[in-house]
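Below: one structure, written as structure tokens.
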Amino acid sequence: MKVNDIMTQLEVKHPGESEYLQAVREVLVSIEDVYNRHPEFERAGIIERIVEPDRIFTFRVPWVDDSGRVHVNIGYRVQFNGAIGPYKGGIRFHSSVTLSTLKFLGFEQTFKNALTTLPMGGGKGGSDFSPKGRSQAEIMRFCQAFVMELWRNIGPDTDVPAGDIGVGGREVGYMFGMYKKLAREHTGTFTGKGMSFGGSRLRPEATGFGALYFVQRMCETHGIDLKGKTVAVSGFGNVAWGAVTKATELGARVVAISGPDGYIHDEEGVNTPEKIDFMLELRDSGNDVVAPYADEFPGATFYPGRKPWELKVDIALPCAIQNELNLGDARQLKENGVLLVAEVSNMGCTADAADFFTDNGILFAPGKAANAGGVACSGLEMTQNAMHISWSNEEVDRWLHQIMSDIHEQCVVHGRSGQYINYVKGANIAGFMKVADAMMAQGVV
Ligand code: 2IT
């Protein structure tokens, strides 16, 4: 395999799908050497097959707003790779969603899910619908319209959607309700459900908690004490909230959170139950702004239109959206002595920023390793649903610890180069080898 040749062909086939092409290139660069040691992969066309989704559904989602006006959004489900289990991955509702976004997310999800050690293939879906400023009734109607089209293509052993940006417990509830009505079955076809109808304990917290367990392992492995370290977090949604909660519990001090409107600097720390829960209030307001935090807690300052990466911190955790940390930000973080960066959002760093961290010996974890706790807990929800039981907080948390620790170990095994652990390479090789092995065994399909 020659990465540049494959990328040139893909660029011709899928022009303008920049996020998808970025995600594919990152994986191919990491696995090139290992791949070329396996001529049987080349003969079986593994790369050509693994970069293309198994199938994509695209559909119209018409819905009526509270004033009676009709809107039309586009809905998608990308069933990316089903080699190791049913398709599994979230649904994103955000104005920025395109097919390229969901293809990149589905591609990443395939390797992430392989890393969890659970039997899940990769998928992703969503819509360019923006929940911002929409009423509860509008959101319900949109979710229902979305599932009216999608329901025939999903199922507990076929494809199991969950939440992502813009889709939380409320939206999963609405989508599950409509699915149940149409399919006439009460099964684990969605994860992230409410506790009263098959949801798993800890699912809301799992992405952020899992990311911090991963960061904890990175620190232990490199002799860094997490206690007292300063942390900058971007975002203020569910994932950021989980990360802030666990970082604080582990003794670190989170000094920044952010929104599309700018960032909050709270030098004392986002470290009391009132401050942490205020993040949930901000999210529930539906306005997508973080500024009110500074009105509520006068010790904090709001910096409009700026990103938290300009602060001097030990640890940076992008928790919002793809490509939210660029090369300029990476340089600034390094200048300020950052020790560790972990993507809690999917592909939170631009390709050049990620390369900059690894090239400069800064510990850097890619999203597919660091944020896998969310989908891992979804996998545990599927297991509980299939067994018709529900596990306690302690049981799920024990699993989550174990899974994050296993992922870390896989990164160490495949990513070690001398003293430095290249987590990007480690995660990509470990994830790829598992999926490739399953594909080889199943013939050309
Ligand atoms: O990016 C992700 O891993 C998620 N949005 C969670 C997917 C899931 O199926 O729980």
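Ligands are counted one by one from 1 in listed order, and the atoms in each one are counted from 1 as well. We count residues from 1, following the sequence as given.
In summary, the aromatic rings of Phe176 and Phe197 are positioned with their centroids under 6.0 Å apart. Ring-centre distance between Phe146 and Phe59: below the 6.0 Å cut-off. In this structure, Phe129 has its ring center under 6.0 Å from that of Trp63.
Taking every non-hydrogen atom of Gln109 and a distance limit under 4.0 Å, the qualifying atoms of ligand 1 come out as 1 (O), 2 (C), 3 (O), 7 (C). Counting atoms of ligand 1 from 1 in the listed order, those under 4.0 Å from a heavy atom of Ala162 are 8 (C), 9 (O), 10 (O). Listed by number with element, the atoms of ligand 1 under 4.0 angstrom from any heavy atom of Gly89 are 7 (C), 9 (O).
Under 3.5 Å, the side chains of Tyr213 and Lys246 contain a donor-acceptor pair of N or O atoms. For Gln109 and Asn81, the side-chain atoms include no donor-acceptor pair closer than 3.5 Å.
Looking at atom 7 (C) of ligand 1, its nearest protein heavy atom turns out to be Gly90 N, 3.5 Å. The nearest protein atom to atom 2 (C) of ligand 1, hydrogens excluded, is given as Lys112 NZ, 3.2 Å; this is a heavy-atom distance. Lys88 NZ, 2.7 Å is the protein heavy atom nearest to atom 9 (O) of ligand 1. Of the protein's non-hydrogen atoms, the one nearest atom 10 (O) of ligand 1 is Ser378 OG, 2.5 Å. Of all protein heavy atoms, the one closest to atom 5 (N) of ligand 1 is Asp164 OD1, 2.9 Å.
For Lys124, the closest heavy-atom approach to ligand 1 falls below 4.0 Å. By the 4.0 Å heavy-atom criterion, Arg203 is counted among the residues contacting ligand 1. Residue contacts with ligand 1 do not include Ala372, since none of its heavy atoms lies under 4.0 Å from the ligand.
Backbone and side-chain nitrogen or oxygen atoms of Gly163 are examined, and one is located within less than 3.5 angstrom of a nitrogen or oxygen of ligand 1. For a threshold of 3.5 Å applied to N or O pairs, the pair formed by Asn346 and ligand 1 contains at least one separation below that value.
Classification of Asp314 and Lys229 as a salt-bridged pair fails, no side-chain N sitting under 4.0 Å from a carboxylate O. No salt bridge links Lys180 with Glu185; every basic N to acidic carboxylate O contact stays at or beyond 4.0 Å. For Lys88 and Asp159, the salt-bridge test fails: no basic side-chain N is under 4.0 Å from an acidic carboxylate O. Using a 4.0 Å cut-off between charged nitrogen and carboxylate oxygen, Arg398 and Glu394 do not count as a salt-bridge pair.
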